[in-house]
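One structure is given below, encoded as structure tokens.
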Amino acid sequence: MAKGITKRSEDYSRWYLDVIAQADLAEHSSVKGCMVIKPNGYAIWEKIQGQLDKMFKETGHVNAYFPLFIPESLLRKEAEHVEGFAPETAVVTHGGGKLLEEPLVVRPTSETIIWSTYKKWIQSYRDLPILINQWANVVRWEMRTRLFLRTTEFLWQEGHTAHATAAEAEAETRQMLEVYRQFAEEYLAIPVHTGVKTESEKFAGAVHTYCIEAMMQDRRALQAGTSHNLGQNFARAFDVTFQNEDGVSDYVWATSWGVSTRLIGALIMAHSDDNGLIVPPRLAPLPVVVVPIWKSDDEMAAVISHVRELTASWKGKIDFKVDDRNQYRPGFKFNEWEKRGVPIRIEIGPKDIENKQAVIVRRDTGEKISIAQDQVLQVVLQKLQEMQEALFKRALEHRETYSFVVDDLEDFKKRIDEPGGFFWVHWCGAQACETKFQESSKSTIRLIPFDAQKEKGKCIICGSPSQQRVLVAKSY
RNA sequence: CGGGGCGUAGCGCAGUCCGGUUAGCGCGCCUGCUUCGGGAGCAGGAAGUCGGAGGUUCAAAUCCUCUCGCCCCGACCA
């Protein structure tokens with residue numbers, strides 16, 4: 001049925017790329033590992049930005065912008081940080097035709113440039129907290145790239161906050177993770193687990209890294225957002241101190257948190273089907289398309305004017321588009337809007353006009369119903385709501401179906417490949433055991449959950465006592 | 001970095017092994033007519049320095065040398 005889209009069951013990876021191509025979201029650029037985000041893809045990013053930006057502001061944050069270039073010496077100031085990021089940086093060595101005295105790193109993340117600036121802004125506890133977010137592009141010279149999931153240059157937001165106490169920084173870190181969780185579940189319609197990264201998986205330079213992890217349709221995990229408690233690491237590296245209420249000097253406490261255009265990849269892989277993209281209604285740049293149907297030119301004029309009249313009162317209540325292009329036939333349009341993931345399609349033709357009806361079609365289920373024209377808006381709004389909830393529910397059921405509590409190592413090794421999924425296993429906390437997961441099954445500890453009840457058990461690798469289960473999965 | 005593949009019209013490809021008229025095909029595009037409730041049909045038309053440089057030859061998309069780039073699969077990562 002769907003031309004140009006490989007079936008998920010045949011080749012999931014190929015399917016993913018086909019969906020992007022057919023929905024016209026993005027394409028490879030002439031620069032290795034970099035993509036051109038096309039209008040259809042960028043519109044989704046704008047929806048994501050709009051909602052997140054609102055949520056950031058509701059939690060007291062403001063936007064600012066720091067430079068793209070970071071003097072190499074700044075990046076080197078925090079030891080762990082440079083070790084983590086130096087291998088994947090792009091470095092500018094020339095400017096204006098001359099060799100630069102000091103090379104400039106194209107930011108892979110902005111902690112260093114920002115903390116070197118915060119040093120100038122902070123003297124007293126009265127200057128705190130600083131709650132800043134920036135929308136930016138960053139560059140990480142990855143070995144292997146995939147559209148949206150991992151590109152050399154990507155768009156993201158990075159929050160960088162400064163606090164007077166450890167407790168406040170911790171609260172901020174957890175608050176922003178909660179913002180991400182809420183956004184993922186309520187807008188992307190993707191259920192996520194929240195928790196702490198292991199020592200080896202945490203952000204370079206952080207004390208703790210918290211994350212949200214989602215399951216894709218191929219049962220692999222995708223890290224969809226991170227929030228880091230940076231402790232006083234960057235304050236020490238950049239010598240950022242403040243005087244507290246008692247006149248005592250201390251280093252400032254820091255957090256940083258981010259989500260990227262990877263969320264578009266998550267959205268595609270979580271919901272779309274063999275007919276193409278499916279966008280959750282709350283993030284759909286175009287939630288509704290109206291396809292008028294006609295035969296003759298006379299009929300065309302009559303149907304279109306009828307549709308215009310009907311939809312006139314919808315303006316301001318819902319975003320929609322009337323597809324009155326004459327060069328395409330209805331079947332072509334149906335297919336095109338499906339590939340693009342528009343949640344609701346409304347068909348209105350001569351028969352419908354005669355019966356004072358309209359046909360409403362839902363993208364995710366294909367459900368097709370006829371509705372009296374004066375009720376269309378109301379029903380469409382209701383269907384959009386239903387679809388948003390249905391997508392979440394379906395994703396949640398999928399995750400639950402492929403989540404397993406496992407205690408036997410052989411059992412784990414067998415099932416991690418087939419069917420794959422999320423595995424809750426006991427882990428003693430030793431890095432040696434963590435490494436064994438990776439070597440034996442190509443899976444990783446995705447997180448140590450916040451919400452799991454304490455449960456005594458034995459590490460699935462070494463048998464040592466364990467206090468709780470952790471989430472293990474193959475990941476992107 | 002290892003393994004595989006590719007570069008020919010806007011897109012997808014054939015032609016390359018075995019050199020030889022005017023470099024083809026599908027989709028898309030333009031014009032016209034017929035169509036139009038699930039990817040329209042017919043007719044006509046436009047569109048190419050065959051990734052780049054050098055070489056061999058009467059003759060190169062095709063052979064040789066060099067070179068640039070991209071994609072896919074693995075190890076690193078949001």
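Across B:rU22 and B:rG48, the matching C1' atoms stand 13 Å from one another, rounded to whole Å. Of the P atoms belonging to B:rC6 and B:rG51, the separation is 13 Å, rounded to the nearest Å. A distance of about 10 Å separates the C1' atoms of B:rU8 and B:rA14, rounded to the whole Å. Rounded to whole Å, the C1' atom of B:rG19 lies 12 Å from the corresponding atom of B:rC58. For B:rA53 and B:rA61, the C1' atoms lie 16 Å apart once the distance is rounded to whole Å. For the C1' atoms, the distance from B:rU62 to B:rU56 is 13 Å, rounded to whole Å. B:rA47 and B:rA9 are spaced 6 Å apart, taking the C1' atom of each and rounding to whole Å. Across B:rG10 and B:rA46, the matching P atoms stand 16 Å from one another, rounded to whole Å.
Sorted by first and then second residue, the side chain to side chain donor-acceptor pair (under 3.5 Å) pairs involving residues 63-78 of chain A (not counting sequence neighbours) are A:D53-A:N63, A:N63-A:N133, A:Y65-A:R107, A:S73-A:E102.
A:R146 has a side-chain polar atom (N or O) that falls below the 4.0 Å cut-off from OP1 or OP2 of B:rC73. The side chain of A:S13 places an N or O atom within less than 4.0 Å of a non-bridging phosphate oxygen (OP1 or OP2) of B:rC73. Between A:R140 and B:rA78, a side-chain N or O to OP1/OP2 separation shorter than 4.0 Å is absent.
Taking the side-chain hydrogen bond (donor to acceptor under 3.5 Å, both in side chains) definition, one finds that A:S475 meets it with A:R446, sequence neighbours left out. Residues satisfying the salt bridge (Lys or Arg N to Asp or Glu O under 4.0 Å) test with A:D11, not counting sequence neighbours, are none.
Note that the OH atom of A:Y328 and the CG atom of A:N335 stand 12.5 Å from one another [nearest 0.5 Å]. To the nearest 0.5 angstrom, A:M215 atom CE is 12.5 Å from A:M269 atom CE.
With rounding to whole Å, A:N335 atom CG is found 9 Å from B:rA40 atom P. Between A:E153 atom CD and B:rA78 atom C1' the separation is 14 Å, expressed in whole Å. Distance A:Q157 CD to B:rA78 P: 15 Å, rounded to the nearest Å. Following rounding to the nearest Å, A:K368 (NZ) and B:rG38 (P) show an atom-to-atom distance of 7 Å.
Residue contacts shown for A:K442 are limited to sugar-phosphate atoms, with no base heavy atom under 4.0 Å away. Base contact: A:K351 has a heavy atom under 4.0 Å from a base atom. Within 4.0 Å (heavy atoms only), A:Q223 reaches sugar-phosphate atoms of the nucleic acid but no base atom. Heavy atoms of A:V359 sit under 4.0 angstrom from at least one base atom. Using a 4.0 Å heavy-atom cutoff across all strands shown, A:T109 reaches no nucleic acid atom at all. Contact annotation for A:T151: base contact, defined as any heavy-atom pair under 4.0 Å involving a base atom.
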(message) Walk me through whether A:F412 and A:F437 qualify under ring pair (Phe, Tyr, Trp, His ring centres under 6.0 Å).
(response) CA-CA 10 Å; A:F412 164 76; A:F437 276 121; 5.7 Å; yes
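Listed nucleotides B:rG39, B:rG38, B:rC73 differ in distance to A:K339; the shortest reach to its side chain belongs to B:rG39. In the set B:rA78, B:rC72, B:rG39, B:rA78 carries the atom at the smallest distance from any side-chain atom of A:S260.
Here the side chain of A:R282 pairs no donor or acceptor atom with the backbone of A:Y187 at under 3.5 angstrom. Looking at A:E185, its side chain does come within 3.5 Å of a backbone N or O of A:V192 through a donor-acceptor pair.
A centroid separation of less than 6.0 Å is found between the aromatic rings of A:F56 and A:W257. Annotation: A:W294 is not in aromatic contact with A:H306 [ring centroid separation under 6.0 Å not met]. For A:H81 and A:F234, the distance between ring centers is under 6.0 angstrom.
In this pair, A:W15 and A:Y12 present their aromatic rings tilted. The plane angle is within the 30 to 60° band. Classification of the A:F154-A:W156 ring pair by plane angle, with boundaries at 30° and 60°, yields perpendicular.
Within 3.5 Å, a donor on the side chain of A:E338 pairs with an acceptor on the base of B:rG38, or the reverse.
The partner of B:rC25, taking Watson-Crick or G-U wobble pairs whose two distances both stay under 3.5 Å, is B:rG12. Within the shown strands, B:rG55 is the pairing partner of B:rC63 under the Watson-Crick or G-U definition, both distances less than 3.5 Å. Across all strands shown, the partner of B:rC42 is B:rG32, judged by Watson-Crick or G-U wobble contacts whose two distances both fall under 3.5 Å.
If A:M143 and A:F154 are placed on RNA chain B by their nearest nucleotide, the residue sitting closer to the 5' end is A:M143.
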Could you list all N or O pairs between the protein and nucleotides 67-71 of chain B that sit under 3.5 Å apart?
{"from": "B:rC70", "atom 1": "OP1", "to": "A:K32", "atom 2": "N", "distance (Å)": "2.6"}
{"from": "B:rC71", "atom 1": "OP1", "to": "A:H28", "atom 2": "ND1", "distance (Å)": "3.3"}

Sub-3.5 Å pairs of nitrogen or oxygen atoms, protein against nucleotides 27-36 of chain B:
{"from": "B:rC36", "atom 1": "O4'", "to": "A:R329", "atom 2": "NE", "distance (Å)": "3.4"}
{"from": "B:rC36", "atom 1": "O2'", "to": "A:W294", "atom 2": "O", "distance (Å)": "2.5"}
{"from": "B:rC36", "atom 1": "N3", "to": "A:K295", "atom 2": "O", "distance (Å)": "3.3"}
{"from": "B:rC36", "atom 1": "N4", "to": "A:K295", "atom 2": "O", "distance (Å)": "2.6"}

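At least one test fails for A:R219 against the ring of A:F422: distance under 6.0 Å to the centre or angle within 45° of the axis.
Of the residues in residues 80-90 of chain A, none lies under 4.0 Å from RNA chain B by heavy-atom distance.
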